[in-house]
Structure formats: C-alpha cells, structure tokens
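A short write-up of the structure that comes next.
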Amino acid sequence: MPTIEELNAKYEANPLEGIIPGGTRTKKREEPKPQSYYDAIKKKFAEERDLRVNYRPEGSKQYTSDFEGSLSKYLDDPYGGEIKPRAPIKDTVEVLFIGGGFSALLTSARLREHGIESIRIVEKAADVGGTWYWNRYPGVACDVPSYDYLPLLDEMDYVPKRRYATGDEIYAHCQAIAKKYNLYELAVFQTTITETRWDEDEKMWNLKTDRGDHMKARFVICANGTLSKPKLARIKGMETFKGHSFHTSRWDYDYTGNDLSKLQDKVVGIIGTGATAVQAIPGLGANAKELYVFQRTPSSIDIRDDWATDPNWARALKPGWQARRRAAYMKEPVLSEDQQAAYAAVSREEKIRKQENSNIDHMMRIHKRIDEIVRDKTTADALKPWYMFMCKRPCFHDDYLPTYNRKNVHLIDTHGKGITEINEKGPVFEGKQYELDLLIYATGFEVQKTGIYNKIIGKGGVDLNDYYSEGIRTLVGIHSAGYPNLFIMGGYQASFQFNLTDILNTQGEHIAACIDYCRKNGYHAMDVTPDAEEWWVQEVISHRGKTTRNQECTPGYYNFEGEFNRRQDGTYNGGFVKYIAKMAEAREKMDQYFTFIRKN
Ligand code: NDP
C-alpha cells in the first residue's frame, strides 16, 4: 500500500492543471531535428487552415442558435418534465442571478458569508447546475482534475470520487451547494429573463420574464454562462430528416435507453468531433448497431489517466486542503537571476520559434499515439490534427481512439468541408447517402461575446448591446459604466483559465465584496467610472495580439471562426494572477474606480 507521502506526491497539484486540462501528457525528450522539418509542418498547418477558412467564409454565421419553427424542438428540455404552472411573481429581492450554474452558486456562497439573505436565482432549466444540468450525454465528465474543478470542497466537506468527476457527480454537487446555502427557497426555475431595465428614480433593476413576472432587484448578476446556448450548423435540408435527432445538450434517453441499449438495432450518426463528441462516441460505438462519425476537423487526443480517489488519501486530508492546493498552484514561478539573464539574452523571434517547435513536437506525439492505437491506416491518418496545440480545445481520452477499431464504427472524414446536405434519410457527403435512424448534433454552443442574452437597458435607456457596439467596455470584465449594480460573470475582458470555476470563484468573491462594501457604507448603488472602464479596455488591448497564433490557427470558436475581431472583444491575457491582483486593486481603491449612489 502506498504511504501518504507517496499519495500526496501523486495528487500534488500540477501547476499546469488549472491552465491546460488533463494532467498526464505524452512527454518525451525529442531528438534534435532540422528547422526545415518544423517549417514543412507549419506549411501543412497553414494549408489545412486555409482549406477550412475557404470552405466556410461565412465564419460564425455558418451556425444558428435561434431555433425557430421546426428547429425549436432542439431546445426542449428532456430532463425537467412538464412546465409547472404558477402565478406571475411581482416582488423585490436584494440580489438576483440570471442563471443558476456555478457562477450563481459560488457567488451566492460568498454573499451568504457576508450575511446577505435575499438571493434569488432565475433559471430556464428546472434546477440549478447550468452546464451540468444540460449536458448529460453518455460519458460526460470534466477533464480538469476534480480536486480543483469542483468548487467549495472545503466548505462542503466533500472529496470527489475520481480524479476526473463525471457529469452526474458535478450536477449533484451543484444541487448540494444550493441546498447548503439555502438557494432553493427563492429560486425560480423554468423561467427566462427577457428584459432587465434600470429604473433611475427607484434606483432598482426591473426584470421581466417569459412567465409574465415583474421582479425588482437591487443587484443583478448576469450568471448565464459563456457556452450555454446550443448551436447547430446550418445544413441544407436538415429540417427534412425523418429519423430521430437531438443536440448533445438535450440527450434523449427515452430513445437511446439510459445504458444506450436501445441503440443495438439502430444506425446512428454524429456530426462533430469536439470535446463533447470525444466523450460521447466511445459509448455510442459500444452500443449502436452502426455508428457514423462525421468529422470536419479532428481534435487532439492525449492520455487521460483517470483514477478513483484513494480513500487513504481522502481520509488524511486536513480541513482547508482545497484552499491550500489552490494557493500552491497559484504561485508564480520565481526565476533565479541567472535564469532571468539567460531568458533576456534570447531574442523574441527565437523564443517564438522554440515555442512553436516544441508545440509541433507535441502535436507529432499526438499523431504517433494515433498510429499506435488505430489499426486502419486511412482512419488513423484522418484522425490526425494538423494545427498547433491549443488552436482547438485539447481533449483527453483513453477510449476514444480505440473505438475506431470497432467494425461497427465508421469515420466519415469530410476533410475540412463538413456535412453540407441532409435529406429525409440522413446526411449526404460527396454523393454518398448515409441512412440513419438517429442523428446527433455535437456542434457545440454559441459563444456570446458579452455573456448576455436578455435585453439589458441601463441609465438613459441605453441597451447594453448598443453600448458595446464599438467594442466591449468593462472594468475587469464585470462592471460597465451606466449599468449600476449590474455584474457580469464569465464574460470577455476577464482572464481565462481552463479551470473555469477558479475564475468564477474569484469573480464571485469580488462581486460579494463590492455588494458588502455598498451595504456597510450606506450606499445604495455603485457604478464604475468611465475612466476606470477605459483604463481596463486599454489593459485588455495591450495584452492581446502578442503572437499571430489566432491568424494561423484552424478556425473554431476559440478564434471566432477566423473572423475579424476587435482586440478588446476577448479575454484579458495578462495572466490569472495579475487579473486577481487588478480586481483587488479596484476593491482597495473603491472611490477611484467607482461612483457611489445613496438612495434619497
Ligand atoms: P465544439 O464547438 O468544440 O465542437 C463542434 C464540432 O462540430 C466541431 O468538431 C466542428 O468542426 C463540428 N462541426 C460543425 N459543423 C459541422 C459540419 N457541418 N459538419 C461536420 N462537423 C461540423 O463543441 P463541443 O460541444 O464539442 O464542445 C464545446 C466546449 O465545451 C469545449 O470546447 C469545452 O470547452 C467544453 N467541454 C468540455 C468538456 C470537458 O471538460 N472534457 C467536455 C465537453 C465540452 P470544426 O472543428 O471543423 O469546426
């Protein structure tokens, strides 16, 4: 049996884990190669990218997320049951969250610590959980280590069951947080906010919903997630398909069976090979009579290396273990003077070249792993990603590649073109008809630039979308001038971390501290000053576009499908540690960054 010291070493937080998902990588020292080798691969990367950009010049307009008419069925909630009738709500709360996922849960926990009682979650689903409510497809899991991803483990006195938590464990954790912090009491489910309007006389937000409610709130927090609205590729004839179909975030277990056993006599197709499809395909391959995977661009698949949590390690954990683990990986590496001098002596071009070469080495190890696992050479070649690591969301799976060795699993590689036609029998590619019983869309989610879906009208009747028409304007991605007491979570101009809950937790702490500051100082409302907002916009711009990677990357939602993008309409790239420090600075100098309003 391993000692606790050995177990601790195994579980020690890897500083990369919060930054890049997955823990174990195909690492190996490379034999030196001539630069011409790397240049040839870079040329191939560029060719593959151009091919894809040319196939979809319409950029993000190739997708739709407004599911009207016959497409509206793709939004139906298969998990929530009948919409429960209720009378319209016309009341006032202190804090209202639009959305009930981790953003709302984490911030609520912090608000409760400050003694705030009147908290309402308004959520279109039938429960809390956000992403983890909707995404229940077979194989769903998070590939950021659970000990970091699952938030509030110290507070909840909970140790995750595995290194990578499955969707149902994460969903149950969300529900447990809502129970512990008493968030169900005022929560309103199966309800969508349609308008959020600032009333300057009352200095309150007025919110309307699709259920006829008219609620008022002093503080509103946009907690509706960045990847929460499913999108479909606009494919000619898709409405005519006569078989069964759904989006991965609305999995129809009535049709497939909970264990997918109802697929044994079914021919199934899946469009897309992103992170969702990579997790769903092994189960589909093991259960469907035939499975057709329609691929446009392969994902990079590295080792997953999952394990069950060792009970001895879990038992030995001392209170506050998650906070200490987080503090350990948040430490920025300290370079010695010699190391700093050596780093400074290398030119910028040389640094970029070295980075690119090691990135290519990594991608070639991903290729090699495919060759080692996938027996059919044509299939193996088609599964090889030809782009720099991190151009697309990296994936980690130990069963995905072996699935292609099954006789019933067929990879239909569209080599960048994608499926462009569907008829009543199923997809058609290069004149060949694929006749299906079930078609699954694993085509992802709209990336909403502002993270805002309802109409938000601030001071002077200005719609937030109009306010952002020349580019997003915020302080730390959270506050916008003219929108007092409105806080935006998980949107742009905030830092990016793969461990999203880390960002949300940090933002939640900041928002709760702001609200607490208002309450303690007798202020009714706070509004960021235009100067502070402008300062942050310039901070964001100054940290973007350090490299040309976005232009060189294969298109996808990471780079707005290759479209032009304003430099301020993106993440703050100055680093997570600096982002936290900037938020703390804003809180320390509240009077410089915000104006405060007392109620008459
Ligand atoms: P993605 O947007 O990543 O993937 C959409 C897929 O659909 C891509 O493979 C895309 O191809 C493909 N596609 C679109 N149109 C067509 C077409 N006409 N024909 C064929 N293929 C098409 O969505 P996902 O739901 O997979 O993932 C979204 C995000 O959710 C992830 O990036 C990740 O951040 C998160 N996630 C995390 C998980 C985890 O922790 N493991 C698991 C699941 C999701 P192309 O690449 O060419 O555009």
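Basis for what follows: all heavy atoms, side chains included, without hydrogens, waters or symmetry-related copies. Counting starts at 1 for both ligands and their atoms, following the listed order.
Compare Glu446, Arg393, Gln295 by their heavy atoms: the one nearest to atom 38 (C) of ligand 1 is in Arg393. The closest heavy-atom contact to atom 11 (O) of ligand 1, among the options Arg52, Lys417, Arg296, Arg304, comes from Arg296. By heavy-atom distance, the residue among Gly272, Pro427, Gly167 lying nearest atom 12 (C) of ligand 1 is Gly272.
With a heavy-atom cut-off of 4.0 Å, Ala442 touches ligand 1 through its backbone alone. With a 4.0 Å heavy-atom cut-off, ligand 1 is reached by no atom of Val144. Contacts with ligand 1 closer than 4.0 Å are made by no heavy atom of Phe396, backbone or side chain.
For atom 30 (O) of ligand 1, the closest non-hydrogen atom on the protein side is Leu227 CD1, 3.9 Å. The nearest heavy-atom contact from the protein to atom 46 (O) of ligand 1 is Lys392 NZ, 2.8 Å. Of the protein's non-hydrogen atoms, Tyr137 OH, 3.2 Å is the one closest to atom 43 (C) of ligand 1. Of the protein's non-hydrogen atoms, Gly444 CA, 4.1 Å is the one closest to atom 1 (P) of ligand 1. Here the protein heavy atom with the shortest distance to atom 24 (P) of ligand 1 is Thr276 OG1, 3.3 Å. Closest protein heavy atom to atom 14 (C) of ligand 1: Tyr63 OH, 3.1 Å. The single protein non-hydrogen atom nearest to atom 47 (O) of ligand 1 is Thr297 OG1, 2.6 Å, given as residue, atom name and distance. Of the protein's non-hydrogen atoms, the one nearest atom 32 (O) of ligand 1 is Tyr557 OH, 2.5 Å.
Remark: ligand 1 and Gln279 share an N or O pair separated by less than 3.5 Å (distance only, no angle test). Any N or O atom pair closer than 3.5 Å counts here, and Ala275 shares at least one such pair with ligand 1. Below 3.5 Å of separation, one finds an N or O of Ile419 facing an N or O of ligand 1.
With a 4.5 Å cut-off on side-chain heavy atoms, Pro394 and Phe498 count as touching. For the pair Tyr255/Leu263, a side-chain contact is recorded, criterion being any heavy-atom separation below 4.5 Å from C-beta on. By the 4.5 Å heavy-atom criterion applied to side chains, Gln295 and Leu383 are counted as neighbours.
A salt bridge is absent between Asp361 and Lys368: the closest approach of a Lys/Arg side-chain nitrogen to an acidic carboxylate oxygen does not fall below 4.0 angstrom. Looking at Asp381 and Lys384, a side-chain N of the basic residue comes within less than 4.0 Å of a carboxylate O on the acidic one, giving a salt bridge.
Which parts of ligand 1 touch Ala233 is read off a 4.0 Å heavy-atom cut-off, strictly below it: atoms 15 (N), 18 (N). Close approach of ligand 1 to Cys142 (heavy-atom distance below 4.0 Å) involves ligand atoms 40 (O). Residue Asp143 has at least one heavy-atom neighbour below 4.0 Å for each of these atoms of ligand 1: 39 (C), 40 (O), 41 (N).
Distances shorter than 4.0 angstrom occur between a heavy atom of Arg56 and an atom of ligand 1. For the pair Tyr55 and ligand 1, no heavy-atom separation below 4.0 Å is found. Residue contact annotation: Ile271 has a non-hydrogen atom under 4.0 Å from ligand 1. Within the structure, the closest approach of Ala141 to ligand 1 falls below 4.0 Å when heavy atoms are considered. Contact analysis leaves Gly556 out of contact with ligand 1, as no non-hydrogen atom separation drops below 4.0 angstrom.
For Phe445 and His247, the ring centers are positioned less than 6.0 Å apart.
Using cut-offs of 30° and 60° on the angle between ring planes, the pair Phe246 and His244 is perpendicular.
Counting protein heavy atoms under 4.0 angstrom from atom 35 (C) of ligand 1 gives zero.
In this structure, the side chain of Gln62 does not engage the main chain of Arg56 through any donor-acceptor pair within 3.5 Å.
Surrounding NZ of Lys425 are at most 12 heavy atoms belonging to other residues, nucleotides or ligands under 6.0 Å away.
Tyr557 and Ser60 share no donor-acceptor pair across their side chains, judged by distance under 3.5 Å alone. For the residue pair Tyr133 and Asp77, a side-chain donor N or O sits within less than 3.5 Å of a side-chain acceptor on the partner.
For the side-chain contact (heavy atoms from CB on, under 4.5 Å) with Trp386, the lone residue among Met363, Glu48, Arg49 that qualifies is Glu48. With respect to Arg304, the salt bridge (charged side-chain N to carboxylate O under 4.0 Å, His left out) criterion is satisfied by exactly one of Asp143, Asp399, Asp398: Asp143.
A cation-pi arrangement is present between Arg136 and Tyr79, with the terminal nitrogen or guanidinium carbon under 6.0 Å from the aromatic centre and inside a 45° cone about the axis.
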Problem set entry | Intermediate values then yes/no, ring pair (Phe, Tyr, Trp, His ring centres under 6.0 Å), Tyr329 and Phe576 | CA-CA 11 Å; Tyr329 76 71; Phe576 189 44; 8.6 Å; no

